[in-house]
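Here is the structure we will look at, set down as C-alpha cells.
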Number of protein chains: 2
Amino acid sequence: MARTPQDITDAELAVLEALWERGPATIRQLTDALYPDGGAAQYATVQKLLERLEAKGGVRRNRQAAVHVFAAVLDREQLIGRRLRAMADQLCGGSLTPLLTHLVQTTKLSPEQRQELRALIESADRPTRKERS
Amino acid sequence: MARTPQDITDAELAVLEALWERGPATIRQLTDALYPDGGAAQYATVQKLLERLEAKGGVRRNRQAAVHVFAAVLDREQLIGRRLRAMADQLCGGSLTPLLTHLVQTTKLSPEQRQELRALIESADRPTRKERS
DNA sequence: TGACAGCTCAGACGAAATGTCTTAACCTTG
DNA sequence: CAAGGTTAAGACATTTCGTCTGAGCTGTCA
C-alpha cells in the first residue's frame with residue numbers, strides 16, 4: 001500500500017524551529033545551533049534540509065550576499081494548519097469540523113479560555129459579514 | 001536526527017478503516033476487501049498489519065474459533081484524539097489550546113455549527129461542576 | 001602566488017520505517 | 001490421504017528520510 005511522505009519531516013521541522021527562534025540565519029549558524037559539535041557532514045545535512053524546505057515553500061533563501069541567508073516562510077501557526085488539514089483529509093473526509101468538535105469536547109479550558117473561545121466564535125461571525133459587503 | 005515512527009501507519013489505517021466499516025472480521029475477509037485480487041502474500045500482509053495493530057492496542061483478536069476474528073479497539077474518534085495530542089506535543093509544547101484556537105479561527109462554521117459549538121462550550125462547563133461535587 | 005578555509009551545488013549513500021513475501025506447521029474437509 | 005485454509009515467525013523489499021562525499025568557486029592570509 002502506498003505510503004504518504006511527510007509534509008515537513010522531523011529534521012526539517014528542527015531546522016524550521018531554529019529559524020523561528022533566531023530569525024533569518026546562514027547554514028553555518030543553523031548547523032552550529034543544531035549540531036554544536038558537527039563537522040562538514042552536518043553542515044551539508046542542514047544545507048540539504050534547507051534545500052528541501054525551500055522546495056516545499058517552508059523557507060526562503062536570500063542570495064544577495066555570497067553567504068545565503070534563510071528565513072522561515074512557514075510559521076508555526078501555518079504548519080499547524082497544514083497538519084490539521086492533512087489530518088482532516090485523511091481521517092474526516094476533508095472536514096475540519098470533527099477535529100474541532102473533538103477538541104472542544106476534550107480540552108479542559110479555563111474560564112478565561114472559554115470566554116476567549118466564545119469571543120472567537122462571535123468574531124468569526126463578523127468577518128463573514130464584512131466579506132459579504 | 002531521530003525520526004518519529006508513526007503511531008498508526010497508512011496501511012494499518014486502511015485495515016482499521018475496513019474494520020470500522022464492516023465490523024469484526026477475519027483476515028480472509030479483510031484481505032478480500034483490501035486486495036480484491038490478492039494472493040497468499042497479500043493475506044500474509046494483512047495478517048502482519050493486524051499483528052502490529054494488535055501490539056499497538058488498535059485491534060483485539062478473538063481466538064475462540066479456529067479462524068480468528070479481529071475487531072477494532074481504536075475508533076476514528078480515538079485515533080483523531082491520539083493524533084491531535086501527538087501534534088500538540090510536537091508543535092505546541094503539549095497544549096491542545098493552540099489547535100483549538102486555530103480551528104475556530106479558520107473553520108468556516110454555519111450558524112448551526114456555531115450554535116452547536118457554543119452548546120459544547122457550555123456543556124463543557126457543567127461536567128466540570130459535577131466533577132467537583 | 002599558493003594554500004587553506006568556507007561556501008554552494010549535485011547527487012550518492014546509509015539508516016530507519018514500513019509494506020511485502022516466504023516457509024513451516026497444524027487443522028479441517030472432501 | 002491430499003489439498004486448501006489458517007496461524008506463526010521472521011526474512012526481505014521498498015520507500016522515506018537523514019547523512020555524507022566530492023567538485024568547483026571565492027576570499028583571506030602568509
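Sequence lines set the chain letters: A, B, ... in the order given, protein chains first and strands last, and positions in each chain run from 1.
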Closest of D:dT7, C:dG14, C:dG19 to the B:T45 side chain is C:dG19
Measure from CG on A:L50 to P on D:dC17 and round the result to the nearest Å. 17 Å
Would a 4.5 Å heavy-atom cut-off, applied to side chains only, mark A:R60 and A:E54 as touching? no
Reckon A:Q47 touches a base, only the sugar-phosphate, or nothing at all at heavy-atom distances under 4.0 Å? base
Strictly distance-based, threshold 3.5 Å: is any side-chain N or O of A:R83 a donor or acceptor partner for the main-chain N or O of A:I8? yes
Across the strands shown, which category fits A:A44 at heavy-atom distances under 4.0 angstrom: base, sugar-phosphate, nothing? base
Among C:dA17, C:dC7, D:dC17, which nucleotide has an atom closest to any side-chain atom of B:P5? C:dA17
Between A:R61 and C:dC7, is there a side-chain N or O to OP1/OP2 distance below 4.0 Å? no
Gap between atoms CD and P, on B:E51 and C:dT18 respectively (whole Å): 16 Å
Inspect the contact between B:D7 and B:R82 and indicate whether a charged nitrogen and a carboxylate oxygen are less than 4.0 angstrom apart. yes
Give a yes/no answer on whether the side chain of B:R63 brings an N or O atom under 4.0 Å of OP1 or OP2 in D:dA8. yes
Check: A:L30 and A:Y43 side chains under 4.5 Å, non-hydrogen atoms: no
Which of the following nucleotides, D:dG18, D:dT6, D:dT16, is nearest to the side chain of B:Y43? D:dT6
Expressed in angstrom and rounded to an integer, what is the separation of B:L30 atom CG from D:dT7 atom P? 11 Å
Of A:A2 and A:T26, whose closest DNA chain C nucleotide lies nearer the 5' terminus? A:T26
Under 3.5 Å, is there any donor-acceptor pair linking the side chain of A:R3 to the base of D:dT16? no
Under 4.0 Å between a Lys/Arg side-chain N and an Asp/Glu carboxylate O for A:K56 and A:E12? yes
Distance, rounded to the nearest Å, where A:K48 contributes NZ and C:dC7 contributes C1': 16 Å
Donor/acceptor link under 3.5 angstrom from B:R28 side chain onto base of D:dT6: no
Could you tell me the separation between the CG atom of B:L13 and the C1' atom of C:dA17, rounded to a whole number of Å? 17 Å
Assuming nearest nucleotide by heavy-atom distance, tell me which of A:K56 and A:A66 is located more 5' along DNA chain D. A:K56
Selected nucleotide, minimal atom distance to B:R52 side chain, candidates D:dC20, C:dT20, D:dT15: C:dT20
Nearest-angstrom distance from the residue atom CG of B:L49 to P of C:dC21: 12 Å
Out of D:dG18, D:dA8, D:dT21, which has the shortest distance to the side chain of B:H68? D:dA8
Figure out the CG/C1' separation between A:L34 and D:dG18, and round it to whole Å. 13 Å
Of A:A41 and A:Q6, the one whose nearest nucleotide on DNA chain D sits closer to the 5' end is A:Q6
Figure out the CD/P separation between A:Q29 and C:dG6, and round it to whole Å. 14 Å
Side-chain N or O of A:T9 versus OP1/OP2 of D:dT16: is the shortest distance under 4.0 Å? no
Quick one about A:D10 and B:Q90 (side-chain donor to acceptor, distance below 3.5 Å, no hydrogens or angles considered), yes or no? yes
Residue B:M1, side-chain atoms from C-beta onward, closest of D:dA9, C:dG19, D:dT19: D:dT19
